[in-house]
Structure formats: C-alpha cells, structure tokens
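Notes to accompany the following structure.
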Protein chains: 2
Amino acid sequence: MISKQEFIEKLRNSSLRPTKQRINICEVLFNRDKTFHFTINDLFNLIKDKTGEKVSLATVYNTVHAFHKKGYLKEIPINSNQTYFDTNVTDHHHFFDVKEEKLIDLKNEDVGPIEIQKSIPGKKIKSVEVLVKLED
Amino acid sequence: MISKQEFIEKLRNSSLRPTKQRINICEVLFNRDKTFHFTINDLFNLIKDKTGEKVSLATVYNTVHAFHKKGYLKEIPINSNQTYFDTNVTDHHHFFDVKEEKLIDLKNEDVGPIEIQKSIPGKKIKSVEVLVKLED
DNA sequence: TCGTTGTTTATAATTATTCTAAAGAAGATT
DNA sequence: AATCTTCTTTAGAATAATTATAAACAACGA
C-alpha cells in the first residue's frame with residue numbers, strides 16, 4: 001500500500017492541488033505492483049470500479065496530461081484510435097499484440113543497446129523507442 | 001516518370017479497379033524519387049494541387065487503406081492527432097522532430113541490428129520499429 | 001449495348017479529445 | 001472560523017479525424 005502522501009507529492013509537483021478526484025486517479029494509476037498500460041477510457045472506467053466514485057472525463061484527461069508533462073507517465077507511440085500511456089517511465093520498449101490490442105513491456109536488456117549512427121544538425125535525441133508488433 | 005501501367009497493377013493487386021481518381025492518388029503517392037511521409041489530409045490536398053482534379057476524402061481513405069493492407073504503404077507508429085503513412089515499405093526506422101512534426105527516414109544501417117531477446121508463446125514478430133524523437 | 005458489380009461522392013454518424021463556463025472546493029489571510 | 005481569491009470539477013458543447021451510408025455513376029464482361 002502506497003501512502004496518500006506520495007500521491008499528494010506527485011500532484012503538487014505537477015502543480016495540481018490534491019483533490020479527492022485526483023487522489024482517486026492516483027490510487028488507480030500508482031497503487032500497483034506492476035507497470036500499467038492504459039488508455040484514458042480504461043482509466044476512466046477503472047476509477048469508478050475501484051474507488052466507487054465517479055470522476056469526470058475532463059478531469060481524467062487533465063490530470064493524465066499534467067502527469068505526462070511532469071514525467072510521471074509516459075506516452076506509448078503506437079497507432080491506435082486511442083492514446084496509450086504507461087506508468088513505467090523508465091527507458092524501456094514494448095511488444096504490441098495487434099490482434100488483442102495489448103501492450104507488453106520489454107526490458108531494456110531484452111532489446112540491447114541501440115546505437116543511432118545518424119544525427120540531424122541542431123537537434124538532439126530525446127528518446128529512442130522500439131515497438132515490436134506481434135502476430136499469431 | 002513511372003508508367004500508368006504500374007499504378008494499374010498496384011491497384012489490381014489491391015483488388016481495386018483502376019479509376020481516374022485512384023490513378024491520381026497513385027500519381028501523387030508513387031511518382032516520386034524519395035520516400036514520402038504523409039497524412040491523409042496532406043495527400044488529399046496534394047492531389048488537388050498536383051493533378052488539378054479533386055478526389056473525395058472518402059476515396060482517399062479507402063484507397064490508402066487498401067494499399068496499406070496490401071503492403072504498398074506502411075503506417076508509422078507515432079502518437080499524433082493524424083495517422084502517418086510512408087511509401088517506403090522496406091524495413092527502416094524514423095526520426096520524429098517533435099517541434100516541427102516532421103518525419104525523417106533512418107536507414108536500417110543507421111540503427112544497426114536489433115535483437116529481441118524475449119518471446120511470447122504463440123506469437124511471432126511481425127515488425128520491429130524504432131522511433132527516435134528529436135528535440136532542439 | 002446491356003446488365004452486373006464495384007466506385008465515387010456528399011453528407012451524416014461516430015469517436016477521441018479539447019473547450020467552456022458555472023458551481024464548488026482548496027488555500028491563504030485575517 | 002469567516003472571507004476572499006484562485007483553482008477545480010463537471011456536464012455538455014465544440015472540434016477534428018475517421019468511418020458509414022446510400023444514391024448517382026463508371027468499369028467490366030457477356
């Protein structure tokens with residue numbers, strides 16, 4: 001069990017006041033053992049299920065975006081109708097099971113170092129992400 | 001200059017009848033030296049500009065999707081409001097300039113071999129794609 | 001040429017996301 | 001604790017990409 005203080009700290013760091021709704025969002029996002037891949041809609045539904053309280057969709061969007069901006073959530077680059085996020089913000093990659101629309105973590109050592117041998121003048125590398133699509 | 005016959009062949013292979021509109025789409029997509037990264041909207045506008053003839057948006061969507069399904073176009077996994085496609089369907093990767101929303105090809109040898117050391121039972125790898133985000 | 005089947009098109013429908021503005025809650029000040 | 005200011009929540013409207021619809025039209029084969 002993670003303390004509510006940690007959620008409040010995350011919220012404050014993201015310039016958000018700790019409200020009941022946002023604490024509920026944190027509960028669903030961060031109170032877990034394993035990494036969590038989700039869409040806004042997944043999260044929206046889980047909040048109702050897990051906390052028994054409804055939070056408006058707009059608040060879910062706003063809070064997720066603030067956490068993403070602050071670096072507490074990572075956006076997963078994948079073409080889907082919905083945007084996927086990940087609570088694991090460390091450097092890592094993904095499998096995407098196209099049929100089941102499911103994401104699976106790939107540890108960095110499962111992929112090995114990736115050397116980018118090309119550079120663009122005036123630009124620096126912000127992130128390197130590998131997406132491995134899976135089929136049956 | 002690529003012959004119209006090639007376009008017709010691509011269309012037939014994709015189970016599409018060669019109509020005037022579809023030939024125009026092919027003209028914009030495939031009659032070029034370099035690889036072409038685009039959104040449906042880019043393409044829609046370019047058709048008007050380059051051929052002088054308007055093709056309905058629905059037809060652009062349908063044709064692009066048929067080509068994608070057949071493997072004549074590649075979808076680029078990136079989170080954006082619009083879906084990006086690529087006429088270069090060979091195995092390769094991308095830079096994405098986040099600020100300018102621009103894609104740049106990365107040759108396979110610019111990245112080097114990527115070894116995926118993990119497997120999921122019952123699933124096989126369909127594709128491995130690297131996205132390198134660039135910032136200033 | 002005729003009949004069948006596939007295609008184009010404008011427009012409506014759908015869906016994810018963002019915006020808005022009014023009512024409510026948090027935080028600071030006394 | 002009362003008050004004031006600022007931020008937040010919310011339902012619903014607005015936006016934007018994509019998909020569906022169905023009537024007019026074009027390709028193809030006989």
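Throughout, protein chains are lettered first and strands after them, A, B, ... in sequence-line order, and every chain is numbered starting at 1.
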Rounded interatomic separation in angstrom, taking [atom1] from [X] and [atom2] from [N]:
| X | N | atom1 | atom2 | result |
| --- | --- | --- | --- | --- |
| Asn41(B) | dT15(D) | CG | P | 17 Å |
| Leu57(B) | dT11(C) | CG | P | 13 Å |
| Gln82(B) | dA17(D) | CD | P | 5 Å |
| Asp42(B) | dT18(D) | CG | C1' | 15 Å |
| Leu11(A) | dG27(C) | CG | P | 11 Å |
| Glu53(A) | dT8(D) | CD | P | 19 Å |
| Phe44(A) | dT10(D) | CZ | P | 9 Å |
| Glu75(B) | dA17(D) | CD | C1' | 13 Å |

Knowing that exactly one of Asn45(A), Ile47(A), Asp49(A), Thr87(A) qualifies, which makes a side-chain contact (heavy atoms from CB on, under 4.5 Å) with Val28(A)?
Ile47(A)

Distance alone, cut at 3.5 Å: any donor-acceptor contact between the side chains of [X] and [Y]?
| X | Y | value |
| --- | --- | --- |
| Asp110(A) | Gln117(B) | no |
| Thr39(B) | Asn41(B) | no |
| Asp105(A) | His93(A) | no |
| Tyr84(A) | Asn79(B) | no |

How about NZ on Lys48(B), more than 12 heavy atoms from neighbouring residues, nucleotides or ligands closer than 6.0 Å, or not?
yes

Take atom NZ in Lys118(A); do more than 12 heavy atoms of anything else shown fall under 6.0 Å from it?
yes

I'd like a list of close polar pairs between nucleotides 20-27 of chain D and the protein, N/O only, cut-off under 3.5 Å.
unit_1  : atom_1 : unit_2   : atom_2 : d
dA27(D) : N3     : Arg17(B) : NH1    : 3.3

Assign each of Leu16(B) and Lys54(B) the nucleotide of DNA chain C bearing its closest heavy atom; nearer the 5' end lies the nucleotide of Leu16(B)

Residue-phosphate contact under 4.0 Å: Gln21(A) side-chain N/O, dT10(D) OP1/OP2
yes

With a 4.0 Å cutoff (strictly under), does any side-chain N or O of Thr39(B) reach OP1 or OP2 of dA17(D)?
no

Taking for each residue the nucleotide of DNA chain D with the nearest heavy atom, is it Ser15(A) or Asn81(B) whose nucleotide lies nearer the 5' end?
Ser15(A)

Worked check of salt bridge (charged side-chain N to carboxylate O under 4.0 Å, His left out) between Lys124(A) and Asp136(B):
CA-CA 6 Å; Lys124(A) 58 174 190 254; Asp136(B) 291 323; over 6 Å; no

Strand-adjacent residues in residues 59-70 of chain A, judged by heavy atoms under 4.0 Å from DNA chain C:
Tyr61(A), His65(A)

Can you check salt bridge (charged side-chain N to carboxylate O under 4.0 Å, His left out) on Lys4(B) and Glu27(B), steps first, answer last?
CA-CA 8 Å; Lys4(B) 188 177 282 195; Glu27(B) 202 71 58; over 6 Å; no

Looking at side-chain heavy atoms only, is the closest gap between Phe44(A) and Val64(A) below 4.5 Å?
no

Strictly under 6.0 Å, is that where the ring centroids of His37(A) and Phe85(A) end up?
no

Would Lys69(A) and Glu75(A) pass as an ion pair if we require N to O under 4.0 Å?
no

Choose from dT10(D), dT7(C), dA10(C) the nucleotide whose nearest atom is closest to any side-chain atom of Arg22(B).
dT7(C)

Please report how far the helix from dT1(C)-dA30(D) to dT30(C)-dA1(D) bends, comparing the axis fitted to its first five pairs with the axis fitted to its last five, to the nearest 10 degrees.
30°

